[in-house]
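Here is the structure we will look at, set down as structure tokens.
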Amino acid sequence: MSKRYTITAALPYTNGPIHIGHLAGVYVPADIYARYLRNRGKDVAFICGSDEHGVAIALKAKMENKTPQQIIDYYDELIRNSFNSFGISFDNYSRTSRKIHYDTSQEIFKDLNKKNIFQEIESEQLYDSEAKQFLADRYVIGICPICQNTEAYGDQCESCGSSLSATELINPQSTLSGSKPKMRNTKHWYLPLDKFENFINEWIIKGHKSDWKQNVYGQVKSWIDNGLKPRAVTRDLDWGIPVPIDGAKGKVLYVWFDAPIGYISSTKEWANNNGIDWEPYWKDKETKLIHFIGKDNIVFHCIIFPIMLHASGSFILPKNVPANEFLNLEGEKISTSKNWAVWLHEYLEEFPNQQDTLRYVLTSNAPETKDNDFTWDEFQSRNNNELVAIYGNFINRVVVLTNKYYDGIIPKIETRLPEDEKIIDQIGIISKKIGSSIEKYKFREASQNLMQIARTGNKYLAEKEPWKLIDKDPKRVSEIIYTALQISACLAIVSEPFLPFTHEKLLSILNIESLKLSWNDAFMKNDLIPSGHQISKAMLLFKKIEDIEIENQRLKLVNNKKI
RNA sequence: CGCGAGGUAGAGCAGUGGUAGCUCGUCGGGCUCAUAACCCGAAGGUCGCAGGUUCGAGUCCUGCCCUCGCUACCA
């Protein structure tokens with residue numbers, strides 16, 4: 001294991017709130033990973049921020065009669081706050097509208113330009129003279145030349161499925177103003193991805209064949225096999241970072257050029273605020289750079305951004321890009337436009353203090369190898385049958401027994417029986433497994449093993465039946481309770497990355513905040529809580545979720561769905 | 001159409017050549033410390049379909065079907 005990690009989570013685009021798909025695919029796994037590494041004593045920079053440029057924001061502002069700034073301010077605050085209350089432990093959450101990001105992006109652009117990396121290419125593009133801007137293909141509609149559908153988009157006809165170019169449409173119309181677009185000449189800067197095919201081939205196709213996820217590797221290979229082409233990194237738009245060179249008036253950096261640079265500028269901002277040097281986090285070969293993203297972002301994080309980093313010369317490349325697939329909701333695709341989603345900010349209000357339930361459900365059903373489905377039924381059963389019945393119940397049993405038999409003071413034991421030793425060893429082995437699953441980005445597997453610790457604890461109590469022995473063999477009972485308490489403390493440690501709020505509660509119930517236990521203690525080489533230690537009274541860790549709550553959520557979804 | 005990923009018990013998943021497994025649900029039993037929670041046991045699968053390689057295939061090869069995604073200005 002390296003000692004320094006730069007962990008990035010995809011920058012959320014500030015034209016809407018965060019939903020469970022974002023959480024399951026990106027933010028929860030990234031957070032588990034970051035928290036785990038901190039527990040292992042690593043130097044971690046967990047970096048994110050709001051992505052605030054691009055056509056979509058400019059358009060949304062226009063449609064809502066607002067300025068882009070108003071749009072991004074609104075969503076930045078909403079997203080930032082909901083991440084914060086959800087316990088996503090970013091070391092820094094920045095914004096791409098900040099000066100430090102403008103400076104960093106322009107520097108990188110200028111640097112690449114100076115190194116003659118870009119190609120300047122002139123081409124004809126559709127221009128809307130009423131809205132005074134060039135039109136992305138998607139913002140042109142017209143008659144499909146193939147099937148005569150009257151509402152074909154500039155990039156594709158959804159009726160017959162043909163791929164089109166906006167210039168092929170019959171009677172093209174701008175969706176901005178309704179006017180007929182004209183062809184107009186414009187110059188842009190292109191990143192010649194094709195010139196870097198060898199680099200990507202050596203680095204990913206040969207170098208990461210066995211350690212990257214199959215879906216990620218396959219996707220990259222598919223792009224390479226199809227041949228890379230130069231890609232424009234500038235746009236004609238009035239919302240974005242100005243292209244910082246002469247002869248580029250009115251042009252801005254393409255949002256996908258500046259967004260990943262946001263990881264770097266956010267790291268700089270964090271380093272400045274903490275009086276440390278940002279460069280080792282992006283330039284030291286010993287640093288592991290890990291990008292957490294959804295599958296829609298694979299090409300940007302595995303091809304375009306690495307080419308930018310590589311071309312500029314001094315940056316390290318990502319060690320891994322554990323992209324996840326998508327999460328569906330009740331059998332249908334999550335859709336912002338159809339309002340088919342569970343929004344984080346609403347969840348936080350409707351299920352107060354139940355962040356860990358959602359974190360657990362999304363982890364145990366994470367779309368790691370294929371698209372998965374989130375259902376409210378599963379949410380309820382995972383909470384009630386696993387968190388409440390297995391995890392919460394185990395802790396409750398131990399705490400109640402300790403208070404009942406020993407007034408909450410951990411009993412003394414003289415020796416430990418081999419059968420107890422065996423359980424303790426088992427728990428240590430499971431803890432180790434949890435760690436290695438996390439290191440392999442198998443968070444679902446890790447969460448199963450987390451629950452396995454509580455399961456093992458319950459089984460131990462059921463087999464030993466201390467409540468039957470308390471009168472005739474009190475010495476044995478003290479050994480059993482002592483052992484069960486050690487298991488509880490271990491559970492507290494390994495829960496932190498997954499269930500940070502529960503972790504805190506559990507520390508307080510066991511009254512072990514001051515022991516400063518770390519992940520290494522979870523391997524159970526030594527006892528975790530000493531005899532004579534006073535624990536607190538029982539407190540429920542998880543609340544049962546009633547049928548009516550689930551029914552209400554389902555109704556809410558269906559009633560608010562837009563068609 | 002091309003490319004990528006996936007198709008394994010009612011549901012969600014694991015399993016890359018050697019007697020099909022885990023969690024939830026269902027059914028039966030045990031326990032009563034515990035949020036009617038916990039523990040044990042059982043039922044339930046022609047591993048998408050059809051061929052092939054092999055002593056032996058969920059696992060390798062070929063073809064087909066279905067789902068999702070990508071296809072370069074939807075960020």
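Within every chain, numbering begins at 1; the chains are lettered A, B, ... in the order of the sequence lines, protein sequences first and strands thereafter.
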Regarding the side chain of A:K459, the nearest nucleotide among B:rC39, B:rG69, B:rC73 is B:rC39
Review point. So, is A:K544 near the phosphate of B:rA37, with a side-chain N or O under 4.0 Å from OP1 or OP2?
Key: yes
query = How is A:L541 classified with respect to the nucleic acid when contacts are heavy atoms under 4.0 Å: base, sugar-phosphate, or nothing?
reply = base
Q: Using the P atom as the reference point in each nucleotide, state the distance between B:rC64 and B:rG25 in Å, no decimals.
A: 42 Å
Correct closest heavy-atom pair for A:V252 and A:W239 would be CG2-O, 4.1 Å
May I ask you to say what A:V55 touches in the nucleic acid, namely base, sugar-phosphate or nothing, with a heavy-atom cut-off under 4.0 Å?
sugar-phosphate
(message) Within the 4.0 Å heavy-atom criterion, would you say A:F542 contacts the bases, only the backbone, or no part of the nucleic acid?
(response) base
Taking atom C1' in both B:rU26 and B:rC60, what distance in whole Å separates the two? 37 Å
Those stems involving RNA chain B that have three or more consecutive Watson-Crick or G-U pairs, both distances under 3.5 Å, are B:2-7 with B:65-70, B:10-13 with B:21-24, B:26-30 with B:38-42, B:48-52 with B:60-64
When rounded to whole Å, the CZ to C1' distance for the pair A:F257 and B:rC73 reads 17 Å
Q: Could you give the distance separating B:rC22 and B:rC61 at their P atoms, to the nearest angstrom?
A: 28 Å
The complete set of side-chain hydrogen bond (donor to acceptor under 3.5 Å, both in side chains) pairs with one or both residues in residues 49-58 of chain A, sequence neighbours excluded, reads A:S50-A:D76, A:S50-A:Y93, A:E52-A:R95, A:E52-A:S97, A:H53-A:Y102, A:H53-A:D258
- request: Please state the C1' separation for the pair B:rG15 and B:rA20 - nearest whole angstrom.
  value: 9 Å
In numerical order, the residues of residues 445-458 of chain A whose heavy atoms come under 4.0 Å of RNA chain B are A:R455, A:N458
Whole-angstrom distance between B:rU35 and B:rG18, as gauged at atom P: 47 Å
By side-chain hydrogen bond (donor to acceptor under 3.5 Å, both in side chains), A:N297 pairs with (sequence neighbours left out) none
Using a 3.5 Å cut-off and no angle test, enumerate the donor-acceptor pairs between side-chain atoms of residues 448-456 of chain A and protein atoms at least two apart in sequence or in another chain.
residue: A:Q452; atom: OE1; partner: A:R455; partner atom: NH1; Å: 3.4
residue: A:T456; atom: OG1; partner: A:Q452; partner atom: O; Å: 2.6

Q) OP1 or OP2 of B:rA37 sitting under 4.0 Å from any side-chain N/O of A:N385? A) no
Whichever of A:K404 and A:K333 has the more 5' nearest nucleotide on RNA chain B, that residue is A:K404
The answer to which of A:L401 and A:E378 contacts RNA chain B further toward the 5' end, by nearest nucleotide, is A:E378
The ring pair (Phe, Tyr, Trp, His ring centres under 6.0 Å) partners of A:W212 (sequence neighbours excluded) come to A:W203, A:H208
Given the P atoms of B:rU67 and B:rA72, what is the spacing between them in whole Å?
22 Å
By salt bridge (charged side-chain N to carboxylate O under 4.0 Å, His left out), A:K442 pairs with (sequence neighbours left out) none
With sequence neighbours left out, the residues meeting side-chain contact (heavy atoms from CB on, under 4.5 Å) with A:K62 are A:Q133
Please state whether the base of B:rC33 and the side chain of A:E465 form at least one donor-acceptor pair under 3.5 Å?
-> no
* Determine the contact category for A:V400: base if any of its heavy atoms lies under 4.0 Å from a base atom, sugar-phosphate if only primed atoms, P, OP1 or OP2 are that close, otherwise nothing. => sugar-phosphate
**Request:** Indicate, with yes or no, if the rings of A:F351 and A:W376 have centres closer together than 6.0 Å.
**Result:** yes
Atom pairs under 3.5 Å: protein N/O with N/O of nucleotides 4-11 of chain B:
residue: B:rA5; atom: O2'; partner: A:T369; partner atom: O; Å: 3.2

Contacts satisfying salt bridge (Lys or Arg N to Asp or Glu O under 4.0 Å) that involve residues 378-392 of chain A (not counting sequence neighbours) are A:E378-A:R382, A:R382-A:E386
Point to revise | Short side-chain N/O contact from A:R231 to OP1 or OP2 of B:rC73, under 4.0 Å | key: yes
Quote, to the nearest angstrom, the C1' distance that separates B:rG51 from B:rC40. 45 Å
With sequence neighbours left out, the residues meeting side-chain contact (heavy atoms from CB on, under 4.5 Å) with A:I509 are A:V399, A:M539, A:L541
List the steps and the verdict of ring pair (Phe, Tyr, Trp, His ring centres under 6.0 Å) for A:Y190 and A:F118. CA-CA 5 Å; A:Y190 285 70; A:F118 297 127; 9.8 Å; no
With a 6.0 Å cut-off on ring centres, are A:Y75 and A:Y13 close enough? no
Across all chains, not counting sequence neighbours, the salt bridge (charged side-chain N to carboxylate O under 4.0 Å, His left out) partners of A:K333 are none
Report which part of the nucleic acid A:A389 touches: base, sugar-phosphate, or nothing (heavy-atom distance under 4.0 Å, all strands). sugar-phosphate
Considering only heavy side-chain atoms of A:R235, the closest of B:rU23, B:rC73, B:rA72 is B:rC73
Check: Just checking A:G227: base, sugar-phosphate only, or nothing, at a heavy-atom cut-off of under 4.0 Å?
Finding: base
- Spacing of the P atoms in B:rG10 and B:rA5 (rounded, Å): 28 Å
* Please determine if a side-chain N or O atom of A:R397 lies less than 4.0 Å away from the OP1 or OP2 oxygen of B:rC38. => no
**Study point:** Sugar-phosphate only, base, or nothing, as touched by A:E463 at under 4.0 Å among non-hydrogen atoms
**Key:** nothing
message = Could you check whether A:K251 and A:T186, counting side-chain N and O atoms only, form a donor-acceptor pair closer than 3.5 Å?
response = yes
